[in-house]
Amino acid sequence: MSVSSPATVTRLDVQAVKDYLLSLQDHICTTLESVEPTARFKQDAWDRPNGGGGRTRVIAGGEVIEKGGVNFSHVMGDNLPPSATVDRPELAGGRFEAMGVSLVIHPNNPFAPTSHANVRLFIVYKDGMDPVWWFGGGFDLTPYYGFDQDCIHWHQTAYDAVEPFGEGYYTRFKKWCDEYFYLKHRGEPRGIGGLFFDDFNEGTFEHCFAMMRAVGDAYTQAYLPILERRKDHEFNEQQRDFQLHRRGRYVEFNLVFDRGTHFGLQSGLGRTESILMSLPPEVRWTYEYQVETDSAEAKLTEYYLTSKDWLWV
């Protein structure tokens, strides 16, 4: 991460980022509701005494979406939590401001994948230093029963979103995503990846903000066609059982490894209900759970959850 120059800092438009994030939350909720006939997002607005706050929006019990959340938060604090200073000890003790939109969608149908996306801005203010800012975000897909068509579309949309901002960005952020969303104790990826970038401060504030907007806008372009294709797929109890067991992997990652979850809980400024809204409503763990060899369930880990260049499959 590079420290912003004074010239760049004068163009640091925090309000423009906040306005975009609020509009992005609106757009994503409206788009998802367009394919959900029986449920709507419910909003819970919350505030913090220091001026921070957010809008938590949750949808549950729908015909298509079993549970989902699309959250906006804007929080401030006097001391960075440990999760934010591990790789940058010089920022310890700094005041910070963080804002972002994060979401997770868990469909009912086992053939419709879970999706996750996040875009955010983080700023640190410390005496004797110019404000240090960076963007982060991305989106990733967690199928239970994979389809090449869906994986290719997801990654093509990711490529189209970031590659105009820098040659090789897609390859770089895809690799980062594959490495980040990896369950080390299981020795397997959480899903088929997508994009992940953090500590992004390359060029001007405007350039970085524009790339973050492109990623945020691309999420519905990537996910909606997949959800529409798979939401009405017939499924049985065995397939539902497999979905619930695989959701367990999702929970393990969020609680053990996810930096956003750790930051929200460690900072004391996040809202626990909003932070944990990403967890699915039903999940299952069975001791020494195994699937049959050469089955559709086995194909998930043997074929889909392996390192692939989906644009060249």
Side-chain angles (χ1 to χ4, degrees), residues 56 58 60 65-71 81-84 86-87 100 102-118 120 136-146 151 154 174-196 198 223 238-267 270-292 295-308:
T56 297
V58 175
I65 301 172
E66 187 173 1
K67 182 187 175 186
V70 182
N71 291 347
S83 60
V86 171
D87 297 324
S102 61
L103 69 97
V104 177
I105 302 299
H106 295 288
N108 272 304
N109 197 306
F111 290 90
T114 288
S115 68
H116 162 259
N118 177 284
R120 58 194 176 273
F139 49 74
D140 62 283
L141 196 70
T142 304
Y144 307 102
Y145 292 89
C151 298
W154 183 262
K174 176 190 181 298
K175 181 176 184 291
W176 202 342
C177 188
D178 290 341
E179 292 174 350
Y180 180 76
F181 292 104
Y182 188 82
L183 285 82
K184 301 177 182 66
H185 61 288
R186 296 284 188 181
E188 65 184 39
R190 187 173 82 173
I192 59 103
L195 299 170
F196 181 85
D198 202 2
Y223 189 53
Q238 176 186 338
Q239 291 157 342
R240 170 66 171 175
D241 179 74
F242 180 65
Q243 177 195 43
L244 296 183
H245 278 93
R246 292 303 307 180
R247 280 180 175 177
R249 303 290 207 264
Y250 203 94
V251 171
E252 290 172 20
F253 180 87
N254 276 27
L255 296 182
V256 177
F257 298 110
D258 187 72
R259 285 178 60 184
T261 300
H262 293 173
F263 171 79
L265 296 176
Q266 291 176 1
S267 69
R271 186 169 177 271
T272 301
E273 285 295 313
S274 301
I275 296 166
L276 299 181
M277 67 85 199
S278 63
L279 303 183
E282 291 189 39
V283 65
R284 189 169 295 162
W285 284 272
T286 301
Y287 184 69
E288 293 188 339
Y289 175 76
Q290 300 289 335
V291 299
E292 293 184 10
S295 64
E297 291 75 22
K299 188 175 181 179
L300 177 70
T301 52
E302 293 173 0
Y303 176 74
Y304 286 99
L305 301 190
T306 58
S307 180
K308 278 186 171 55

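All heavy atoms count here, side chains included; hydrogens, waters and symmetry mates do not.
P280 and V251 make their closest contact through CD-CG2, 3.6 Å (heavy atoms, listed as atom of the first residue, atom of the second, distance). In plain terms, the two heavy atoms of P143 and G191 that are nearest each other are CD-CA, 4.3 Å. Listed here is the closest heavy atom pair of S102 and N118: CB-ND2, 3.2 Å. The heavy-atom pair separating P107 from Y223 by the smallest distance is CG-OH, 3.2 Å. Residues C177 and D140 share a closest heavy-atom pair of SG-CB, 3.9 Å. What you find for G194 and W154 is that their closest heavy atoms are CA-NE1, 3.7 Å.
In this structure the side chain of L305 never reaches within 4.5 angstrom of the side chain of R249, judged on heavy atoms. Residues T142 and P113 are not in side-chain contact: their nearest non-hydrogen atoms beyond the backbone lie 4.5 Å or more apart. The shortest distance between side-chain heavy atoms of D198 and R120 falls below 4.5 Å.
Note: H116 and Y250 fail the aromatic proximity criterion, with ring centroids not under 6.0 Å apart.
Y287 OH to Q290 CD: the interatomic distance, rounded to the nearest 0.5 Å, is 11.0 Å. We find the CG-CD1 distance between L300 and I192 to be 10.5 Å, quoted to the nearest 0.5 Å. Between the NZ atom of K174 and the CD atom of E179 there is a distance of 10.0 Å, given to the nearest 0.5 Å. Here the CZ-CD distance, from F111 to Q239, works out to 4.0 Å after rounding to the nearest 0.5 Å.
Under the side chain to side chain contact (heavy atoms under 4.5 Å, CB included) criterion, E282 pairs with E66, R240, L244, R247, not counting sequence neighbours. With sequence neighbours left out, K299 forms a side chain to side chain contact (heavy atoms under 4.5 Å, CB included) with Y303, Y304.
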Open item on the list: If you apply the rule ring pair (Phe, Tyr, Trp, His ring centres under 6.0 Å), what do you find for F181 with F253, and how did you get there?
Closed with: CA-CA 8 Å; F181 292 104; F253 180 87; 5.2 Å; yes

Task: Evaluation steps, side chain to side chain contact (heavy atoms under 4.5 Å, CB included), between R246 and T301 - done: CA-CA 10 Å; R246 292 303 307 180; T301 52; 3.9 Å; yes

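A side chain to side chain donor-acceptor pair (under 3.5 Å) with R190 holds for exactly one of N254, T114, D178; it is N254.
The backbone N or O of E297 sits nowhere less than 3.5 Å from a side-chain atom of Y145 that would complete a donor-acceptor pair.
Taking the six-membered ring for Trp and thresholds of 30 and 60 degrees, Y289 and H245 have nearly parallel ring planes, at less than 30 degrees apart.
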